[in-house]
A.B. asks: 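Quick one: structure below, then a few questions.
Worth saying up front: this structure is predicted, and the values here are computed from it rather than measured.
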Amino acid sequence: IMALSLMIPAITKGSLEEYRDTLSSLKPEKSIDRWNQKLVERGITLIHNHCDLVITPSLKIEHMLTRWKTKSRIVTVPTGVAEIPVEAADVAWAKRHLHENAKTILYVGRLGKEKNVQLIIKAFEIVGRKDPQTRLLIIGDGPDRKELEAMAAKSAYSNRISFTGHVERHLLGGIY
């Protein structure tokens with residue numbers, strides 16, 4: 001993060017003041033987390049301040065960038081994903097069908113190579129070893145479903161990995 005912070009004024013052809021600000025942000029803080037946060041804020045703000053427009057996915061992010069002193073124009077363009085309603089009946093359905101008392105790692109989406117669900121199944125080997133109560137629930141369908149099911153079947157924890165196939169959108173609120 002430090003090296004990138006030092007490079008940003010050079011990349012953006014920043015002013016001498018931006019170089020000074022960057023150097024001053026390298027002064028360590030008592031908390032490493034706070035120091036990292038400060039470096040990220042300063043670096044992102046420097047980049048944004050050289051843009052004509054910054055697009056954010058939510059008002060929350062827009063407010064954060066404003067607090068960080070982003071001077072460029074900021075426009076919020078929502079992602080367009082409608083909120084999924086949660087109905088009591090859908091929650092009851094999910095509890096009846098999805099092991100209500102188990103900790104569950106949930107994946108919902110298309111089962112295609114680009115989603116890298118293989119990594120989730122591999123990572124579940126570690127989780128499965130450490131926590132015998134946790135389950136992996138994979139909701140969705142796609143061209144790689146059979147391959148992923150075969151991979152899960154070879155897992156030492158195959159009895160705790162479930163595939164549901166496609167689930168109607170209105171039921172997802174209860175599952176989440």
Side-chain angles (χ1 to χ4, degrees), residues 1 31-41 43-45 47-48 53-70 72-176:
I1 292 177
S31 162
I32 190 76
D33 291 335
R34 176 63 195 131
W35 189 26
N36 283 335
Q37 178 67 26
K38 189 169 105 176
L39 290 171
V40 169
E41 287 176 22
I44 287 174
T45 302
I47 292 169
H48 285 165
L53 176 69
V54 177
I55 299 172
T56 66
S58 69
L59 285 174
K60 181 179 178 182
I61 301 296
E62 180 179 338
H63 295 312
M64 179 185 72
L65 295 179
T66 302
R67 277 193 318 274
W68 289 2
K69 310 247 185 308
T70 296
S72 298
R73 185 169 156 236
I74 302 172
V75 173
T76 297
V77 178
T79 59
V81 177
E83 211 172 292
I84 299 172
V86 179
E87 303 290 334
D90 298 336
V91 173
W93 178 91
K95 285 183 175 183
R96 280 194 313 275
H97 291 89
L98 304 173
H99 311 283
E100 69 178 292
N101 295 320
K103 292 181 202 172
T104 303
I105 297 170
L106 176 65
Y107 170 84
V108 178
R110 187 170 174 279
L111 302 180
K113 288 252 186 284
E114 72 282 358
K115 301 298 183 176
N116 203 9
V117 179
Q118 299 88 337
L119 180 62
I120 297 170
I121 295 169
K122 287 178 191 172
F124 191 70
E125 291 290 321
I126 297 166
V127 174
R129 190 174 332 113
K130 291 185 177 189
D131 188 349
Q133 300 304 311
T134 301
R135 301 181 53 79
L136 173 58
L137 177 61
I138 299 173
I139 296 176
D141 213 341
D144 289 352
R145 181 174 173 185
K146 289 198 184 320
E147 179 185 323
L148 293 167
E149 287 176 333
M151 180 181 179
K154 293 176 187 170
S155 165
Y157 307 99
S158 61
N159 62 327
R160 294 173 17 215
I161 302 174
S162 303
F163 289 78
T164 66
H166 175 78
V167 170
E168 292 298 322
R169 182 171 168 75
H170 74 276
L171 292 173
L172 291 177
I175 293 168
Y176 287 138

A.B. asks: So how far is it from I105 CD1 to F124 CZ, rounded to the nearest 0.5 Å?
C.D. replies: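 One finds 5.5 Å between CD1 of I105 and CZ of F124.
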
A.B. asks: Within this structure, what is the CD-NZ distance for the pair E125 and K154, rounded to the nearest 0.5 Å?
C.D. replies: 12.5 Å

A.B. asks: Within a strict 4.5 Å, meaning less than it, do heavy atoms of the W68 and H48 side chains meet?
C.D. replies: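 Of all side-chain heavy-atom pairs linking H48 with W68, none is under 4.5 Å.
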
A.B. asks: Using 0.5 Å steps for rounding, measure from the CE atom of M64 to the CG atom of L59.
C.D. replies: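 Rounded to the nearest 0.5 Å, the CE-CG separation comes out at 12.5 Å.
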
A.B. asks: For A94 and G174, which heavy atoms make the closest approach, and how far apart are they?
C.D. replies: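 Where A94 meets G174 most closely, the heavy atoms are CB-O, 3.7 Å.
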
A.B. asks: If you draw a 6.0 Å radius around CZ in R169, do more than 12 non-hydrogen atoms from other residues or ligands fall strictly inside?
C.D. replies: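 Atom CZ in R169 is packed in, count exceeds 12.
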
A.B. asks: If I take atom CD1 from residue I161 and atom OG1 from residue T134, how far apart are they, to the nearest 0.5 angstrom?
C.D. replies: 12.0 Å

A.B. asks: Taking the side chain as everything from C-beta on, heavy atoms only, tell me whether I121 gets closer than 4.5 Å to I138.
C.D. replies: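 Yes, at least one pair of side-chain atoms sits under 4.5 Å.
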
A.B. asks: Measure across V127 and R160 and return the closest heavy-atom pair with its distance rounded to 0.1 Å.
C.D. replies: O-NH2, 4.4 Å

A.B. asks: Can you confirm whether E168 sits close enough to H166 that some side-chain heavy atom of one is under 4.5 Å from a side-chain heavy atom of the other?
C.D. replies: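 Yes, their side chains come closer than 4.5 Å.
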
A.B. asks: Is the shortest side-chain heavy-atom distance between E147 and Q118 below 4.5 Å?
C.D. replies: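 They are in contact (side-chain heavy atoms under 4.5 Å apart), so the answer is yes.
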
A.B. asks: Using a 4.5 Å cut-off on heavy atoms from C-beta on, say whether the side chain of Y157 contacts that of L136.
C.D. replies: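 They are not in side-chain contact.
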
A.B. asks: What's the spacing between I74 CD1 and L65 CG if we round to 0.5 Å?
C.D. replies: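 The CD1 atom of I74 sits 5.0 Å away from the CG atom of L65.
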
A.B. asks: Please report the closest heavy-atom contact between V86 and G173, naming both atoms and the distance.
C.D. replies: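 Minimum heavy-atom separation between V86 and G173: CG2-O, 3.6 Å.
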
A.B. asks: Which heavy atom of T76 sits nearest to which heavy atom of P78, and what is that distance?
C.D. replies: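 Looking at all heavy atoms of both residues, the shortest contact is O-CD, 3.7 Å.
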
A.B. asks: With the threshold set at 4.0 Å, does a side-chain nitrogen-carboxylate oxygen contact exist between R145 and E149?
C.D. replies: yes

A.B. asks: Does any part of the side chain of K122, heavy atoms only, come nearer than 4.5 Å to the side chain of M151, both counted from C-beta?
C.D. replies: yes

A.B. asks: Using only atom types and a distance under 3.5 Å, with no angle test, would you say the side chain of T56 pairs donor to acceptor with the backbone of S58?
C.D. replies: yes

A.B. asks: Do the non-hydrogen side-chain atoms of I175 and L172 ever get within less than 4.5 Å of each other?
C.D. replies: yes

A.B. asks: Rounded to the nearest 0.5 Å, what separation is found between the NZ atom of K146 and the CG atom of D141?
C.D. replies: 8.5 Å

A.B. asks: What's the shortest heavy-atom distance between S158 and A153, and which atoms?
C.D. replies: CB-O, 3.6 Å

